[in-house]
Student: 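After the structure tokens below, expect a handful of questions from me.
First the proteins, then the strands, lettered A, B, ... as listed; each starts at 1.
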Amino acid sequence: MDTLIENNLQFLQFIDENGVATRALERDKSLSNVLPGMYATMVAARQVDEEMINLQRQGQLALYPSARGQEGAQVGCASALRETDWLFPQYREIGVFLHRGIDVRGIGLAWRGTWHGGDGFLERAVAPMSIPIGTQALHAVGAAMASKWLADEGVTVAFIGDGATSEGDVHEAMNLAAVKKSPCIFFVQNNQWAISTPLADQTAAPSLASKGVGYGMSAVRVDGNDVVACHVAVSEAAARARSGQGPTLIEAVTYRLGAHTTADDPSRYRDDAEVTSWEARDPIARVKKFLETSGHWHDDLEVAALATAAELRHRLREAVVDAPDPSPLEFFDHVFTQPTAELESQRQLLAAELELEG
Amino acid sequence: MDTLIENNLQFLQFIDENGVATRALERDKSLSNVLPGMYATMVAARQVDEEMINLQRQGQLALYPSARGQEGAQVGCASALRETDWLFPQYREIGVFLHRGIDVRGIGLAWRGTWHGGDGFLERAVAPMSIPIGTQALHAVGAAMASKWLADEGVTVAFIGDGATSEGDVHEAMNLAAVKKSPCIFFVQNNQWAISTPLADQTAAPSLASKGVGYGMSAVRVDGNDVVACHVAVSEAAARARSGQGPTLIEAVTYRLGAHTTADDPSRYRDDAEVTSWEARDPIARVKKFLETSGHWHDDLEVAALATAAELRHRLREAVVDAPDPSPLEFFDHVFTQPTAELESQRQLLAAELELEG
Amino acid sequence: MAQLTMVEAINAALSDAMQTDEQVVVFGQDVARQGGVFRVTEGLQERFGDNRCFDMPLAESAIIGSAIGMAIRGFRPVPEIQFDGFTFPAFEQIASHLAKYRNRSRGLLAMPITVRVPSFGGIGSPEHHSESTETLWVHTAGLKVVVPSSAADAYSLLLDSIECDDPVIFLEPKRRYWAREEVVRGTRREPIGRAVVRRTGTTVSVVTYGGLVAVALEAARIAEEQHGWHLEVIDLRSLVPLDFDTVATSIIKTGRCVVFHEGPRTLGMGAEIAARAQEELFWNMEAPVLRATGFDTPYPPGRLEHLWLPGVDRLLDTVKQSLSYDRI
Amino acid sequence: MAQLTMVEAINAALSDAMQTDEQVVVFGQDVARQGGVFRVTEGLQERFGDNRCFDMPLAESAIIGSAIGMAIRGFRPVPEIQFDGFTFPAFEQIASHLAKYRNRSRGLLAMPITVRVPSFGGIGSPEHHSESTETLWVHTAGLKVVVPSSAADAYSLLLDSIECDDPVIFLEPKRRYWAREEVVRGTRREPIGRAVVRRTGTTVSVVTYGGLVAVALEAARIAEEQHGWHLEVIDLRSLVPLDFDTVATSIIKTGRCVVFHEGPRTLGMGAEIAARAQEELFWNMEAPVLRATGFDTPYPPGRLEHLWLPGVDRLLDTVKQSLSYDRI
Ligand SMILES: Cc1ncc(C[n+]2csc(CCOP(=O)(O)OP(=O)(O)O)c2C)c(N)n1
Ligand SMILES: Cc1ncc(C[n+]2csc(CCOP(=O)(O)OP(=O)(O)O)c2C)c(N)n1
Ligand SMILES: [Mg+2]
Ligand SMILES: [Mg+2]
């Protein structure tokens, strides 16, 4: 596998920012079959992202972290896996969630603040979103160890950010996965920023992929705005993992075009010029151009993609606007298998309060 | 500096296990001046180590972690630094402590269980021994950051073990030091074991030094049983640090010849043959042979070294055997600058108990 | 004299402390370039430079661990942990080192570190952003724990904390961040370790701190109007040291006490106050110390937090229950 | 029927659980090759193979975090943290995930993980090896907390914990590791959540758990001989769920209660028991609930721990103080 690197800045790319193929697409055929679908999911992710932001502005969501600009990395990764491969997202993975077919309702309600962690994730072999940075990487390794024992050919993916690579948990996860040769992929979306902290204040490493060296782990650095490169890198890593060759670290170099979350104002800490320069490398526009120039484009494709996206936006809006809250008595239902006596009496207290309030 | 490596197994050595110089000692002169002193300290460390084990067997110490076999790494490192450079030991650094001139009394009393952390360390710019593995690496980085602001040319050293490299704190420390270009040296004594866990179960990395790559940090792998190699590597790293070039990771490849601590029985988990093979690489015998063959040896040297060592053993024994315990009322003195009212009343409670008991 | 929000007051305290003492350094995630996610540290890097106010990589243990190293070299670090729930990755550095270093060094080495933590719930945040962590620190011997309830108090207590040679966990109630109060720069209020009676009364002593002080005062107003109860409201201000004398004086007067805090009930501060009250004031109690608190469940999602958090109603219900104990 | 040490009893429970349920996996630092620093896991790797019992790198957060991932895939992990003080680097994984995953997933995902921790003081260990951590877990909603006091109880409670679908923090009192008791393989005692009266009495209720149960029984014997006091000794066995009914029944009989635990006093379990007792048994109390505990200081060095730890004397002094309250 020629795409793996050991400590350099080699940068795997198949389609450049002008939509031009920079490298022979060995799997040309199979990719041209799936690329239109990937394009549609990226469009959907972009649109759902916009709807989430709208809903937040309208007071329907508490918060939302936009994935604008990272759709290529996310869809490229998710599309290279089996449905049964367990995924461990951070919180910004809307493209992954949609590719997996998680209902937008369950995602929207999480950001509305209806219930932590969202709904409909586990059924799709996706762990609930994880807020404490980097922690979920260890869950991914544990699940990968389990897959090995179960001999189910499962691969797990830990989604982490550039910021997350500074956390101790991510280090412990990579080290453990390498020692145990666990079928785990560490998919780092290096979107250049951790809230207001640029990569240069996060690490002095020549690249995030170079961290693979110190774990004895295969590592590769890819153009994260090139959905094909991401897809290929993850496919190869997954194949390695399934055949017992252990974990891979993938650094997908991308950019967070939007604010950190709807509560953030990036003009306080970064230049517009930087954002503009990355807008020119948009992952969606690039695939479209490639499809056009490579003769795989037809207008139905765009029509269908937009229709699906519109439907998702609509469904999201329907599901989220003024969505009812669960009963607060549910607080006591999920602490343990059975509530303790103490929890039972606290439930009664709250029930009495609610009754009084009518 | 030709000794720095980037991801390979290159191994810096000046004196091989037969006491033969394998590489030109550029600083031949200055080294031959200090080598006899280093030899004496190594001998002292070995002897004090033995006395500690005896004292533990006699019930005078609660526990002791032998540094037998690691004297070259420890004395080589400590001797390359200024007295004012702050050191952050783990717990097994008897060679470092003696080189710094810390009174054996204060070390012995720590292992007796008279007071945590020992006595006489801070005065010598050595932090108290740190039991929670890897945690002290972060203190070393903070102190290095402080040195930079103080512009005092200070370098700090974090002493960690091979096991410690798995902890999140060590990762966070190396990353932070590299980002801030802090004058910090991470001196890893890779003694092949973390209690019963061999290096191969700790990491899949090709070497511990290779971890430097992923931090953008200079790194070097040295023969940890070669006091000269350790001395040179630390000297160079310190010079770099002082001149603003940031941290260095040094992997000193050595071996824990003894048990993990006096409470441990290594026959449960490792082969005698392995120990024997490392005994042949003893760091002390090797310097002696080198001094002999290179014409720097004279018998007075051995006599003086043994005399100093004997004196230290004697002083240790005198200070530790049946050493009185501090007043338990001291419990309340060091919690805060001033005891709180609650602590005051707890002190009175204990005082009353002690009085009752007579 | 200016009406400042608590955010501005804390910013003023940091600025004044940095001005007065060159050893004071402020750092954390997003505190410098951005001025903090709540803008508490705004302008400090511009004013004092990169060495005095700087951003850290995303690693909480590193933030506290390196602060300890700086303190060893004579600095007076004021690290920020971005949110309450993210003190947890730093738990080991706090419990095993920050709290124990003075003791380990037999008093030789001080740890003059103030860990600022935007804390508690009430602003509809996502998971892990609304934790009440005080029990963790109060139970860990060697830490002072300070919780201001208003802008002026935050200003004064933060300056005290930074000057203090002991480690202080400084829990800032986020929900009061934007409440204004007159803050007189350069003046101090009661020191750390002194509780303050925010409203005098004779019916029941309400013991609280942080963001709930304002709620308790509102409840007291309502109680007076609607029930004619005169609640005495005590703001603890620091949990370690605990000013139990002020609590005791009040209880001796009222004979009744309700502790009001938002973290889970079991082993929350209410447990300690109740234990102390019955130990030391056994014959003075006309009713048990009761607790109006959060529940023993994980902190709920934003949309439900108002029903989980103890508010005016839960407090007044509890006061009523306290009053239901008749004198014998 | 065999007289086993607690170490042997725990080993037997692990072995029986692994035999019964293939999903049970045992791992931690030095548990496999060496069989554990206390030899608790001796022989498990030989018997059940590398996939069922294995060593982990030196990283506690990884031990708990990966256990969570295994549980997500249907395993029933029984990780060991080598010593009490080294649970701290795993605090985030425990508090933010282990305790909250079931709630976060709205009940869909169980966390059947039992975290074994050799705990508490009394054997002259170095710093960080003698911590009482129970307050941290009891206050963190979502964790069960089990503390056995003897070999047979450890055997039974550990099997219960492993079978339980909730996360259990299982605190093993090191100082009782080598005390023998008859253990009948395959039989169970009272389930988790049930306290047991270890000695009946009428004078004062002594509430305790773990390593201090034996000390309390010794004190009770002495108290009877020397003072004619009949102490009732209650072994809580689990702190969450807390069997307050058993405590209440005893207090209703005696009117007096002393809580006896070794961790720091402030916000130790004594605070919660005292708070509950006065809340629920206000009219039954003839004296306040008193606390015989460790001090609010860092755990002392080995040579002094016997003076720091609450022993027979501190307990009996406290009982005496309780008895000094006269009926009115
Ligand atoms: C342990 C922890 N510390 C701090 C935070 C606050 N926080 C939320 S997102 C974030 C930045 C994350 O950066 P990165 O990993 O690059 O992911 P991105 O947001 O860019 O997708 C921070 C500091 C957190 N959620 N968890
Ligand atoms: C955080 C933490 N976890 C576990 C331990 C128990 N423990 C003490 S020493 C040790 C092994 C350390 O190995 P290494 O870092 O290689 O140092 P060495 O003992 O070989 O000098 C372990 C696991 C500890 N002290 N701290
Ligand atoms: Mg990022
Ligand atoms: Mg080692």
Side-chain angles (χ1 to χ4, degrees), chain C residues 60-61 85-96 99-100 102-104 127-128 131 134-136 138-142 239-240 242 259 263-283 285 287-291 294-300 325 328, chain D residues 60-61 85-96 99-100 102-104 127-128 131 134-136 138-142 239-240 242 259 263-283 285 287-291 294-300 325 328:
Chain C
E60 287 75 12
S61 194
F86 310 136
T87 52
F88 298 169
F91 190 82
E92 181 182 37
Q93 286 289 345
I94 297 175
S96 294
K100 294 186 174 65
R102 173 185 283 278
N103 183 67
R104 183 180 305 141
E127 207 183 352
H128 312 288
E131 305 286 321
E134 64 271 35
T135 284
L136 306 177
V138 170
H139 183 65
T140 301
L239 309 182
V240 178
L242 180 69
V259 187
R265 173 189 181 87
T266 297
L267 284 176
M269 276 306 289
E272 184 61 30
I273 306 277
R276 290 286 296 271
Q278 54 100 46
E279 272 165 7
E280 298 178 31
L281 305 165
F282 188 67
W283 301 119
M285 304 307 301
V289 176
L290 297 180
R291 298 181 272 177
F295 300 116
D296 288 321
T297 78
Y299 197 88
Y325 284 77
I328 13 169
Chain D
E60 287 75 12
S61 194
F86 310 135
T87 53
F88 299 169
F91 190 82
E92 181 182 37
Q93 287 290 347
I94 297 175
S96 295
K100 293 185 175 64
R102 172 185 284 278
N103 183 66
R104 182 181 304 141
E127 207 183 351
H128 313 287
E131 305 287 320
E134 64 270 36
T135 284
L136 306 177
V138 170
H139 183 65
T140 300
L239 308 181
V240 178
L242 181 68
V259 188
R265 171 189 182 89
T266 297
L267 283 176
M269 274 308 287
E272 185 60 30
I273 306 277
R276 289 285 296 271
Q278 53 102 47
E279 274 165 6
E280 298 177 32
L281 304 165
F282 189 66
W283 302 118
M285 304 306 302
V289 176
L290 297 179
R291 299 182 272 179
F295 299 116
D296 288 321
T297 77
Y299 197 88
Y325 284 78
I328 13 171

Student: With chain C, which of D/V138, D/D296, D/V289 has the greatest number of heavy-atom pairs at distances under 4.5 Å?
Tutor: D/V289
Student: If I measure from the heavy atoms of chain D, does C/E131 come under 4.5 Å with its side chain, its backbone, both, or neither?
Tutor: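 Side chain of C/E131 only, per the 4.5 Å heavy-atom cut-off to chain D.
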Student: Who wins among C/G268, C/A99, C/A95, C/G85 for the most heavy-atom pairs under 4.5 Å with chain D?
Tutor: C/G268
Student: Which word best sums up how the rings of C/W283 and D/Y325 line up, parallel for under 30°, tilted for 30 to 60°, or perpendicular for over 60°?
Tutor: tilted
Student: Distance-only, no hydrogens or angles: does the D/E272 side chain make a donor-acceptor pair with backbone N or O of C/L267 under 3.5 Å?
Tutor: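 Checking the backbone N and O of C/L267 against the side chain of D/E272, a donor-acceptor pair under 3.5 Å is found.
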Student: Could you tell me which non-hydrogen atom of C/L242 sits nearest to which non-hydrogen atom of C/L239, and how far apart they are?
Tutor: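 The pair with the smallest heavy-atom distance is CB-O, 3.4 Å.
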Student: Which one of D/E92, D/R265, D/H139 has the most heavy-atom pairs closer than 4.5 Å to chain C?
Tutor: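 Highest number of pairs under 4.5 Å: D/H139.
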Student: Heavy-atom distance under 4.5 Å between the side chains of C/L290 and D/E279, does that happen here?
Tutor: yes
Student: Could you check which of C/S61, C/A274, C/P264 has the highest count of heavy-atom pairs closer than 4.5 Å to chain D?
Tutor: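 If we count pairs closer than 4.5 Å to chain D, C/P264 comes out on top.
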Student: Considering only heavy atoms, which portion of D/Q93 lies under 4.5 Å from any heavy atom of chain C: side chain, backbone, both, or neither?
Tutor: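 No part of D/Q93 comes within 4.5 Å of chain C.
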Student: Below 4.5 Å from any heavy atom of chain C, which atoms of D/H128 appear? Answer side chain, backbone, both or neither.
Tutor: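 Just its side chain gets close to chain C.
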Student: Hey, which of C/F88, C/F282, C/F86, C/Y299 has the most heavy atom pairs under 4.5 Å with chain D?
Tutor: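 Answer, by heavy-atom pair count under 4.5 Å with chain D: C/F282.
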Student: Would you please name every residue forming a side-chain hydrogen bond (donor to acceptor under 3.5 Å, both in side chains) with D/N103, sequence neighbours left out?
Tutor: none
Student: For chain C, find which of D/G270, D/G142, D/G263, D/A287 contributes the most heavy-atom pairs closer than 4.5 angstrom.
Tutor: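 Among the listed options, the one with the most contacts to chain C is D/A287.
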Student: Once you round to the nearest 0.5 Å, how far does CD1 of C/I94 lie from OG1 of C/T87?
Tutor: 6.0 Å
Student: Which residues pass the salt bridge (Lys or Arg N to Asp or Glu O under 4.0 Å) test with D/R104, not counting sequence neighbours?
Tutor: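 Partners of D/R104 under the salt bridge (Lys or Arg N to Asp or Glu O under 4.0 Å) test: C/E127.
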Student: If you count heavy-atom pairs under 4.5 Å with chain C, which of D/E60, D/M269, D/M285, D/E280 comes out on top?
Tutor: D/M285
